[in-house]
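Contents: one structure, followed by commentary.
Any value given below was found using the heavy atoms of this structure, including those in side chains, with hydrogens, waters and symmetry copies removed.
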Amino acid sequence: MENAICFLSKISSLEYNISVHQFRGALIMVFKEWSDFFLFLYMWMQVVLHCVPSMCYNSYFRQPLNILYSSKKQQKSSDSNGEVTEEAEALIIKPSQRSSEASLSKVLYKTFGPYFLMSFLFKAAHDLLMFAGPEILKLLINFVNNKSAPNWQGYFYTGLLFVCACLQTLILHQYFHICFVTGMRLKTAIVGVIYRKALVITNSARKTSTVGEIVNLMSVDAQRFMDLATYINMIWSAPLQVILALYLLWQNLGPSVLAGVAVMILLVPVNAVMAMKTKTYQVAQMKSKDNRIKLMNEILNGIKVLKLYAWELAFREKVLEIRQKELKVLKKSAYLAAVGTFTWVCAPFLVALSTFAVYVKMDENNILDAQKAFVSLALFNILRFPLNILPMVISSIVEASVSLKRLRVFLSHEELDPDSIIRGPITNGSIVVKNATFSWSKTDPPALNSINFTVPEGSLIAVVGQVGCGKSSLLSALLGEMDKKEGYVVVKGSIAYVPQQAWIQNATLEDNIIFGREMNESRYKRVIEACALLPDLEILPMGDRTEIGEKGVNLSGGQKQRVSLARAVYCNADTYLFDDPLSAVDAHVGKHIFEKVIGPKGILKNKTRVLVTHAVNYLPQMDTILVMTDGEISEMGSYQELLKQDGAFAEFLRTYANAEQNMESNANSPSGKEGRPVENGVLVNEAPGKLMHRQLSNSSTYSRETGKSQHQSSTADLQKPLAEKNSWKLTEADTAKTGRVKATVYWEYMKAIGLYISFLSIFLFMCNHIASLASNYWLSLWTDDPVVNGTQQYTNVRLGVYGALGISQGIAVFGYSMAVSIGGIFASRHLHLDLLHNVLRSPMSFFERTPSGNLVNRFSKEIDTIDSTIPPIIKMFMGSTFNVIGACIIILLATPIAAVIIPPLGLVYLLVQRFYVATSRQLKRLESVSRSPVYSHFNETLLGVSVIRAFEEQKRFIKQNDIKVDENQKAYYPSIVANRWLAVRLEFVGNCIVLFAALFAVIARNKLSPGLVGLSVSYSLQITAYLNWLVRMTSDLETNIVAVERVKEYAEMEKEAEWSIEEAAPANTWPEEGKVEFRGFGLRYREDLDLVLKNINITINGGEKIGIVGRTGAGKSSLTLGLFRINEAAEGEIIIDGINIAKIGLHDLRFKITIIPQDPILFSGSLRMNLDPFDQHSDEDIWRSLELAHLKNFVSSLPDKLNHECSEGGENLSVGQRQLVCLARALLRKSKILVLDEATAAVDLETDNLIQSTIKSQFEECTVLTIAHRLNTIMDYTRVLVLDRGEVVECDSPDNLLQAKGLFYSMAKDSGLA
């Protein structure tokens, strides 16, 4: 919470660096001639305003700021306002006061209060001026009645009316400006503080607040505060307006006003009950939404797995199930909203009706003349606003309080204790751990027990053990990521950490390696060479300036791991923690990296290194080996010592000794191949212009081409035409459309609602407004009734008709309100369903190109807009349109001469409006587009938070986040100013209408009845507000309908082939034999790229076991992508059991082949759901598959067994366990063809052996294709297929290939098997 305070006070003094005045200037030039006076006044007030709050600030805030970032032991600054300083110190520095609940609202108030208080004064002034209108109207009607009054009086009143209106306009918009700026700062502050908190919360807290939830806090909840800032003053202003209006009404109509007050009081509880109900629905809806976004996030992260397993439909159902709950709540809210609209629209009318009825019935001599009726109506119209707005304010406060609570919960999560691990100088070693016990959270049982060890400086330590025994946890503990229950841990100096699953940023390769450090050319080159990245740089289209997609989509697993390693090596830390970085790379590359980087002769030979590993062959070169079992260190010592002890470790080694001894005999004689460790693809001598790479997909938004480094300038790709050069931007930034929103978008939305409902609601709107106009016109006729003997004649008839018109108005309101709300829900359902379906049907290349932030943005923000923002805006838009038309009709009826003046004013209005809407719409789009990077960066940070903390890079990431938020606000701030610009001009048009309505009434006073004058002027007084609303709503409708445009955008994208094709569907038993033929097969990742696989001709008979090997980037994984049709064949075909797979539906194909993928991805949900999402198998089947996958003991030990909740991404299982879960999936599906894609890279040798034997026994009849890094796993296969540069080089049994002494032989030699 303290962080929150520091940050908020920092932001409060932040002024946006956009030159607002330039922006405003540009807009103003256009209509300069008629608004200089305004401008002068408005600017003058701006200046006054900007001085006052900054004075408030300085007195209030400058003082504590010097404490915020200083050490905690600083002297108290003695100062004239010492009290403030001390209080701020108490707030910011004493964490000991944690016992009392930290109050977020207090912090926000202290930070933003002073500036915001200015708005109170403006609001009060505006409220008082509002009542000048009705009072002047009273004088005007008297003037028209009194035929002897001099003319100057009329002109004087008219002028007074105009001046009051203009002043009101200026003051009101100054007030709005303050509110909106405060709102913007609030939002910025909240986003910043959430980001800062996310960097320090513990792992257990991360489980309670998922990524989806935190993203929602940033998008939706921060927005709620922003909205509240504009309303909050109404809490005191609305009652003030009501009291003033009632006082003036009492003077006008006497005690009969009490009837109207009674009606109002009766309506208050109705509104209150509705507000409470709305709150409960709100909470429920947010909950469903969080769950939906969380699930979507996972689907997008694991989309490849969904496609390979053909699970899209199962997950689509899961999303729709949550969406169904959400819509159910939405529907209830919609009914409430309809009732709400009904009460709000009818309240003023009921108040007027009851008051007039009581007034004329109370005493026959009470005459309803024009002055009484229309001054009262004008006051009732003023009353209408606070009464309407109060429920909105209440619900806005309710929403903000829900959000405040959610934020407070998040900001109160326990944080990692920075002092649990002491990072400092030690004399006796580099890492010292004494009697330490660690758990993942304060409540969990310990995961590591009584750990004791000391690592001497500069030594190399290996940590070995079974899957899930706590090796990775040990590294996490050293990084301070776990909760230390007891003991003492010291780590000397800085730490560099390489996680088991590489975390890659969406930035250039170079940025990923340098990771915010200074660029040192010579060191950088050494690191790249040592980490075997040189060959990769030659393949990548722009060398190290190539942009890497989100989560490293365009790098292979091995490349990602090596980039992650290079990042650690480059940062030149004192202590290195490696979490099994060698598992994802080929054996010979692993050897190269060990020798050049980690081992006794590597770059890091003088550093302290802790290596978690499963590779036995490196163990003899270690200084010390820690053997872990079940969270404890069971044995410890050098390789020789452990062999002598003859414990579990020696036993484990004997099993694997053969591979290892070969390694030793090999270690001394450098192999012939080792001269150039050709990895990832291409031999060094190949022309780098040949672009062989993985799925670099295209977008031409902008290119980093300008920054291309010199060493590449000779390469072939410089001669390419420019267009092609620019296409090397991998991810597509969210683009902003330009120009008007097309009419088709509105039409799409109307179709989504249903045309019948659309036209019905328009018809009901018209009925409502016709009734409303008729009732007021009737009132003016009533007031003009002649007075006979002190009474009016037809009081009862007049009253009856007036009432009837009012009731018909109410019925129409309720009808259209229901129609719009229900229609909105139909549209929501329809559009979300379409979006989900279209996204799931998109091919893999689409997901590699599109940052997940863009997609999450569509599913959270845009769908939220369609759900809850568009329907009310449509209601208000229609309402304002008809109100303006109605007012003009009445003015024209009363004073036909106004026909001369209304069209030119209308023209000015249209000009201003067109000019504004164009700007506003584009600003809104820019704001929306600049929002996506904020989410993308945030998502990325959450995924890599342990790496960021290990490298102590939090400050830099916080700064990046601030910059991105600022970019977003740069688009938002001008739109606030544009709104004020517009409103001042429009209200001027409205004020002119008031002026002319009054003026013409004065000129024609002899022809006009007082009733018509009253009617005309009271309507003209309202027109300003209506015009303002109309433009606001027009632009709101345009800006929000963009959500529909953006959701529809993905409908036009390319799609995969059909999921199932009835006519071509193969038999249920297919494939019976499992025979796979590749005939002249070729594959490319994109139209404009070279083939990655060329001319593959091979027949694999049913039941054969085939190993696929080759250097990284040789096309091994591409072969499986072709087999699953993740990428369609560029040439040739694949035939399985006589059926060409290109002719059948994707699901028909993918259900029949099983893959155990390279990255074991799990989804949050029960373990059972992860194994069998379609619920096709019985519990016995599932237990049997778990037993065969060697997970039965582990799962039985869990409290919930099969219903054990996996966290997001399966984080609460070790990587090895996740891999075994994937094996269990394969065993459940038991298809004729099984593909293993480097599936055992993350498990230890013992488990690997178990897996291999399971596969041999269980898939004996099946065709097995294995992509292998560890060659020993495929030595007993029927045949081995060796790929190089996308072509088959060798294909024969392993023994024959070893004798042939070709490429396979050299690889086997590197792995110590030959």
Side-chain angles (χ1 to χ4, degrees), residues 496 498 502-572 581 585 589 592-593 596-597 603 676-699 702-718 720 724-731 848 940 944 947 951 953 956 1112-1113:
V498 181
W503 172 69
I504 303 291
Q505 281 184 279
N506 182 359
T508 62
L509 189 76
E510 183 182 301
D511 294 343
N512 264 299
I513 294 174
I514 292 179
F515 204 54
R517 303 286 193 286
E518 286 289 304
M519 178 57 162
N520 172 338
E521 280 291 338
S522 59
R523 178 173 183 75
Y524 179 68
K525 287 199 171 109
R526 278 205 349 261
V527 170
I528 284 202
E529 199 274 325
C531 295
L533 279 166
L534 279 174
D536 305 316
L537 293 188
E538 303 197 351
I539 302 167
L540 292 169
M542 284 171 55
D544 56 5
R545 297 293 164 97
T546 307
E547 190 210 2
I548 309 301
E550 264 190 62
K551 302 189 205 70
V553 287
N554 49 334
L555 296 179
S556 69
Q559 284 168 322
K560 281 193 263 197
Q561 196 55 278
R562 292 202 305 283
V563 170
S564 172
L565 185 69
R567 173 196 299 150
V569 178
Y570 184 81
C571 89
N572 201 11
V585 296
V589 182
H592 170 89
I593 288 178
K596 289 282 177 27
V597 182
I603 291 192
R676 36 176 202 196
V678 185
E679 229 276 46
N680 227 9
V682 187
L683 284 155
V684 182
N685 55 11
E686 183 181 332
K690 273 259 193 77
L691 294 176
M692 247 193 63
H693 50 65
R694 301 170 81 91
Q695 286 151 299
L696 275 142
S697 27
N698 134 25
S699 128
Y702 66 98
S703 162
R704 301 247 173 92
E705 187 63 34
T706 44
K708 183 162 179 171
S709 55
Q710 282 309 299
H711 72 259
Q712 273 232 319
S713 44
S714 62
T715 59
D717 70 348
L718 273 181
K720 292 182 192 169
E724 211 171 308
K725 271 167 64 174
N726 277 355
S727 68
W728 283 117
K729 176 86 176 58
L730 172 76
T731 49
E848 283 155 6
E940 198 170 75
V947 177
F951 283 89
E953 284 288 318
R956 182 167 67 90
T1112 308

Exercise for review: Walk me through it: do His592 and Val585 pass the test side chain to side chain contact (heavy atoms under 4.5 Å, CB included)?
Suggested key: CA-CA 10 Å; His592 170 89; Val585 296; over 6 Å; no
Review point. Does Cys571 reach the side chain of Phe951, with side-chain heavy atoms less than 4.5 Å apart?
Key: yes
Review point. Of all residues at least two apart in sequence or in a different chain, which pass the side chain to side chain contact (heavy atoms under 4.5 Å, CB included) check with Ile514?
Key: Glu510, Arg517, Met519, Tyr524, Tyr570
Check your understanding: Going by heavy atoms in the side chains, are Gln505 and Asp511 under 4.5 Å from each other?
Key -> no
Point to revise | Side-chain heavy-atom pair Ile513, Leu533 within 4.5 angstrom cut-off | key: yes
Revision key, fill the gap. Rounded to the nearest 0.5 angstrom, the CG-CG distance for Leu537 and Leu509 is 6.0 Å
Check your understanding: Got a second to check how far Ile603's CD1 is from Arg523's CZ, nearest 0.5 Å?
Key -> 7.0 Å
Review point. Between Ile504, Leu565, Asn512, which is the residue that forms a side chain to side chain contact (heavy atoms under 4.5 Å, CB included) with Lys560?
Key: Ile504
**Study point:** Ile528 and Leu534: CA distance, side-chain angles, deciding distance, side chain to side chain contact (heavy atoms under 4.5 Å, CB included) verdict
**Key:** CA-CA 6 Å; Ile528 284 202; Leu534 279 174; 3.8 Å; yes
Check your understanding: What residues form a side chain to side chain donor-acceptor pair (under 3.5 Å) with Arg956, not counting sequence neighbours?
Key -> Glu953
Review point. Which pair of non-hydrogen atoms, one from Ala532 and one from Val589, has the smallest distance, and what is that distance?
Key: CB-CG1, 4.1 Å
Practice item. Taking the side chain as every heavy atom from C-beta outward, state whether Val498 and Gln561 have any pair of such atoms under 4.5 Å apart. Key: yes
Review point. Hey, does Asn506 have a side-chain heavy atom less than 4.5 Å from the side chain of Glu547?
Key: yes
